[in-house]
Amino acid sequence: MGISGLLPALKSIQVTRHISEYSGKTVAVDAYVWLHRGVYSCATELATGKITNKYVDYAMHRVRMLQHHKITPYVVFDGGPLPAKKGTESDRKSKRDENLARGNAFMAQGKMSQARECFIKCIDVSPEMAYQFIKARFFHALRAESVPYVVAPYEADAQLAYLEQAGFVDAILTEDSDLLVFGCQTVLFKFDVVAATVVSISRKDFGSVAASSGDANGISLIGWSDVQFRAMTILSGCDYLPSIPGIGLKTACNLLKKWRTADAVIRAIGIEGKKSVPVGYLKQFKLAEKCFLHQRVYCPRQEKLVYLSEVGSDWNNEFDAYVGG
DNA sequence: TCTTGGTCTATAT
DNA sequence: TAGACCAAGA
């Protein structure tokens, strides 16, 4: 899901670049989108248990594309769901099962195109499939071409952020605006294989994001710290915490300008009384912050799990239970 | 003016 | 599925 409206709000610092501009660099790749798009090409085969490797071809085509331009890809896969998000997994599973059953019913009637529609909906890139994906084909293909890869203990986002922060890679290729919240410096969106371009957003440009009259989606980030930027995105609603109803990106931005800190903003909304602050919202907010800052990731150098950023003295077991053990 | 929820569309065969 | 885009309502 990412942060709704964040990319349009950062329009003024988006730069379309030819990927050859990253020649000589190492780029971390979020495998999720490639997997998702790849399975479209063979949804029927996958759902009915046929063996296929078309989705590997799809991803490897992109890997080779990067290599062709002398870019070293570092492929990152999702691991298990973060404890913070567990709730949504089971109802997704039941929806998948439902679509699988409907697809099979259509197929029994010979209605292949309608069956395919259902199969597309039931295909999800589950950790099992990602695992199968690596093991069956992609793994060998990457190994054969000495392409580094890593499976995140939890979310790929945090792992991607760690790889950049720790100096393993120079940039991150993804479709998820959350990477900016995780503190990444150079994030590349909208990889276009035909034009061989990406849309780059650099953190160093945040300071020049100013609300201009011509841009209805604009926000101003002049003089903002990472703490404030992160607070704005969490307040506007993120994967870990829905927003207080009625608070979007703009309102969060304006309130933070006025009150400086998230604590003060949440207090002010409560005192004003026009919007109802859910019980425990401040606490949930703090936990969401922890997920963005200290989620568990794998360090390829130390070969063990580490925190995305080191935790402070206020850390406790409850936080650990939230960001992964 | 901003949020929210709806619809549309690309994905690739 | 998820982002882009649009219209309605607060």
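Throughout, protein chains are lettered first and strands after them, A, B, ... in sequence-line order, and every chain is numbered starting at 1.
Between Glu164(A) and Arg203(A) there is no salt bridge, since no side-chain N of the basic residue sits under 4.0 Å from a carboxylate O of the acidic one. The pair Asp57(A)-Arg64(A) fails the salt-bridge criterion, with no side-chain N (NZ, NE, NH1 or NH2) lying under 4.0 Å from an Asp/Glu carboxylate O.
Each of dT3(B), dT4(B), dT1(C) was ranked by its minimum atom distance to the side chain of Ser243(A); first place goes to dT4(B). Considering only side-chain atoms of Tyr32(A), the nucleotide from dC2(B), dA4(C), dT1(C) that sits closest is dT1(C). Closest to the side chain of Lys190(A), out of dG3(C), dT3(B), dA2(C), is dG3(C). Among the nucleotides dC2(B), dT13(B), dA2(C), the one closest to any side-chain atom of Arg116(A) is dT13(B). Candidate nucleotides dT4(B), dC2(B), dG3(C) were compared by shortest atom distance to the side chain of Thr251(A), and dC2(B) ranks first.
Counting non-hydrogen atoms under 4.0 angstrom, Leu249(A) reaches the backbone sugars and phosphates but no base.
Straight-line distance from the CG atom of Leu255(A) to the P atom of dT1(B): 18 Å, rounded to whole Å.
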Would you tabulate the pairs of protein nitrogen or oxygen atoms and nucleotide nitrogen or oxygen atoms of nucleotides 9-11 of chain B closer than 3.5 angstrom?
from	atom 1	to	atom 2	distance (Å)
dT11(B)	N3	Tyr40(A)	OH	3.4

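Glu272(A) meets the side-chain contact (heavy atoms from CB on, under 4.5 Å) test with Lys274(A); sequence neighbours excluded.
Shortest non-hydrogen contact noted between Phe168(A) and Pro300(A) is CZ-CD, 3.7 Å.
In the hydrophobic clustering, Val323(A) connects to Leu287(A), Tyr307(A), Val311(A), Trp315(A), Phe319(A), Tyr322(A), either directly or through intervening members, whenever side-chain heavy atoms lie under 4.5 Å apart.
Atom CZ of Phe285(A) is separated from atom CG of Leu241(A) by 8.5 Å, given to the nearest 0.5 angstrom.
Phosphate contact (OP1/OP2 of dT3(B), side-chain N/O of Lys275(A), threshold under 4.0 Å): absent.
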